[in-house]
Protein chains: 2
Amino acid sequence: MALKGREIILGILADGPHTGYEINEILQNQLAHFFDGSYGMIYPTLKKLSQDGLVTSQQITQTGKPNKNIFAITPAGQTAFQKAIVTPTDDETFKSDFLMRLYFSQYLSATDIHDFIQEEIQRKEAKLTRLTSQLTLWEEQGMTPVQKITYDYGVAYYTSTLKVLQEALLAYPATTD
Amino acid sequence: MALKGREIILGILADGPHTGYEINEILQNQLAHFFDGSYGMIYPTLKKLSQDGLVTSQQITQTGKPNKNIFAITPAGQTAFQKAIVTPTDDETFKSDFLMRLYFSQYLSATDIHDFIQEEIQRKEAKLTRLTSQLTLWEEQGMTPVQKITYDYGVAYYTSTLKVLQEALLAYPATTD
DNA sequence: GCGAACATGTAATTGGTTACATGATTCA
DNA sequence: TGAATCATGTAACCAATTACATGTTCGC
């Protein structure tokens, strides 16, 4: 059974207390290439976790900034997480709208295909940059050796697929610009 | 807006009539590395598409094998597909339960981490084999140049990440076997 | 006798996604 | 003046997922 929002948030809080906003930052900066979370998932999950006694929250009144709720894991939450982490690993699922559309694009003109691939290259380069630019900060905050593997995995994924797309581009003429 | 089951099935049928079973075969053999479909999605979608007049079905009574329903796209279905294919491309989403668990596995013993990575290597090798062993058949059935890109993308993904995992393994001692 | 390949379907659940709603401060 | 950063939350929706349910033939 795959780890879901519930267990993932619990896992992040197992490492120290955080606000919903900070959890989102971690998700976007470090786990974006293998998990995708949003506020619409984070806050409701945090609320439920609180109701179930797996996390506690402490409200901090701030001046100049909005108030924040700092969430911390409880012993019951720790137990729940330890239990979840030993379940069998689920298969990965990758959904690429880009590849799906490319798969069906045989009737597009060569220049349209060129532009379509070029756009994806730009998106991927931006993602790779976001990930690599985080490395130093992440290392300073404490990056475990296993986390380094997940980082290397992401870099390898972006780099290798970027190369495929760049080579594919050569077969399709650029729009004259 | 991402292409969903509905549009994907429509796209497959745009290339020729198929049964639900055959659609599943295509999904598993050619698109498995960027889409994940199952019978629980295929048959209900086909039913709905039929009700909406986007596909028609013809029942074939077979002896020796179960009866089958062959689905074909209608002009209305073709129009719906053409309309869907020109919408903006959505971001890809990759969910890896393996990377998530690895990310949280700093307290596991070195041999446990070794075994955990080793298992993922085996899963990935099996997937790579499934994909590459299809190439000849796919080419014979008619593989478009754009489809070849999606194939190369899959091979590059599996190959590059497999390499990362194999290198990572060197840091963790094998269980004595 | 058993597993693989062929073949189709339903019902209940659910875990998110999307869209909406608000608002201060800082920096360019 | 407007974008970015910090900050939290709800309500409606829905597209699958999971589990269940059934049955034949062919080859080993």
Side-chain angles (χ1 to χ4, degrees), chain A residues 1-10 17-29 35-52 55 57-71 84 87-88 90-95 97 100 130, chain B residues 1-10 17-29 31 35-52 55 57-71 84 87-88 90-95 97 100 130 137:
Chain A
M1 174 210 51
L3 260 36
K4 279 157 286 166
R6 198 180 163 81
E7 294 87 30
I8 292 158
I9 289 178
L10 233 30
H18 290 289
T19 64
Y21 185 83
E22 287 167 355
I23 291 171
N24 187 57
E25 286 298 291
I26 294 170
L27 257 24
Q28 303 310 322
N29 292 330
F35 185 74
D36 141 66
S38 60
Y39 289 130
M41 171 248 147
I42 296 168
Y43 289 114
T45 302
L46 243 13
K47 194 182 174 184
K48 236 184 183 175
L49 247 19
S50 217
Q51 284 165 357
D52 296 348
V55 305
S57 69
Q58 194 195 355
Q59 197 172 34
I60 307 287
T61 309
Q62 294 187 122
T63 46
K65 277 183 200 173
N67 293 341
K68 58 179 174 182
N69 297 316
I70 301 181
F71 294 88
T87 55
D90 248 41
D91 244 41
E92 64 189 21
T93 56
F94 175 55
K95 300 219 176 197
D97 197 35
M100 189 57 81
R130 169 151 210 185
Chain B
M1 174 211 51
L3 261 37
K4 280 159 284 166
R6 199 178 162 83
E7 294 87 30
I8 293 159
I9 289 179
L10 233 30
H18 290 286
T19 64
Y21 185 83
E22 286 167 355
I23 291 171
N24 186 58
E25 286 297 292
I26 294 169
L27 257 24
Q28 303 310 321
N29 292 330
L31 294 85
F35 185 76
D36 142 64
S38 59
Y39 289 129
M41 170 249 148
I42 296 168
Y43 288 114
T45 302
L46 243 13
K47 194 183 173 182
K48 234 181 182 177
L49 247 19
S50 216
Q51 284 163 357
D52 295 348
V55 305
S57 70
Q58 194 195 354
Q59 194 170 38
I60 307 287
T61 310
Q62 295 187 121
T63 45
K65 277 183 199 174
N67 292 341
K68 58 179 174 183
N69 297 317
I70 301 181
F71 294 88
T87 56
D90 248 40
D91 243 42
E92 64 188 20
T93 56
F94 176 55
K95 300 220 174 197
D97 197 36
M100 189 56 82
R130 170 152 207 183
L137 187 64

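Values below: every heavy atom of this structure, side chains too, minus hydrogens, waters and symmetry copies. Since we're looking at a predicted model, the values are computed, not measured. Below, read A as the first sequence line, B as the second, and so on, with proteins coming before strands; counting in each chain starts at 1.
B/N29 has its CG atom 11 Å from the P atom of C/dA5, to the nearest Å. Going from atom CZ of A/F71 over to atom P of D/dA7 covers 13 Å, rounded to whole Å. The OH atom of A/Y21 sits 16 Å away from the P atom of C/dT25 (whole-angstrom rounding). The nearest whole Å value for the distance from the CG atom in A/N67 to the P atom in C/dA24 is 12 Å. When rounded to the nearest whole Å, the span between CG of B/N24 and P of D/dT17 equals 12 Å. C/dG9 atom P lies 13 Å from atom NZ of B/K68, rounded to whole Å. Spacing between atom CE of A/M41 and atom C1' of C/dG16 amounts to 8 Å, rounded to whole angstrom units. For the pair A/I26 CD1 and D/dA7 C1', the computed distance is 15 Å after rounding to whole Å.
Between B/I23 and B/L46 there is a side-chain heavy-atom pair separated by less than 4.5 Å. The side-chain heavy atoms of A/I8 and A/T45, taken from C-beta on, include no pair separated by under 4.5 Å. Residues A/K47 and A/Y43 have side chains not in contact (no heavy-atom distance under 4.5 Å, counting atoms from C-beta outward).
Nucleic acid contact class of B/T19 (heavy atoms, under 4.0 Å, all strands): sugar-phosphate only. Heavy atoms of A/D36 sit under 4.0 angstrom from primed sugar atoms or phosphate atoms, though from no base atom. Contact annotation for B/G37: no contact, since no heavy-atom pair falls under 4.0 Å across all strands.
For B/D97 (side chain) and A/D91 (main-chain N/O), no donor-acceptor pair under 3.5 Å exists by modelled atom type. When atom types are taken as modelled, the side chain of B/Q28 and the backbone of B/G37 share a donor-acceptor pair closer than 3.5 angstrom.
Here the side chain of B/K95 is nearest to one of D/dA7, C/dA5, C/dG16, namely C/dG16. Across C/dT8, D/dA15, D/dT8, the shortest atom-to-atom separation from the side chain of B/N69 is found for C/dT8. In this structure, of D/dT8, D/dA15, C/dT17, it is D/dA15 that holds the atom nearest to the side chain of B/K4. For A/S38, counting side-chain heavy atoms from C-beta on, the closest listed nucleotide (C/dA7, C/dT18, D/dA15) is C/dT18.
Two residues, B/I70 and B/D90, neighbour DNA chain C, and the one matched to the more 5' nucleotide by heavy-atom proximity is B/I70. Along DNA chain D, the nucleotide nearest A/E25 and the nucleotide nearest B/T45 are compared for position; the residue whose nucleotide lies closer to the 5' end is A/E25.
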Could I get a table of every N or O pair under 3.5 Å where one atom is in the protein and the other is in nucleotides 10-14 of chain D?
{"residue": "D/dT10", "atom": "OP1", "partner": "A/K47", "partner atom": "NZ", "Å": "2.7"}

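Going from atom CG of A/D36 over to atom OG1 of B/T93 covers 6.0 Å, rounded to the nearest 0.5 Å. Between atom CD1 of residue A/I70 and atom CD of residue A/E22 there is a gap of 7.0 Å, rounded to the nearest 0.5 Å.
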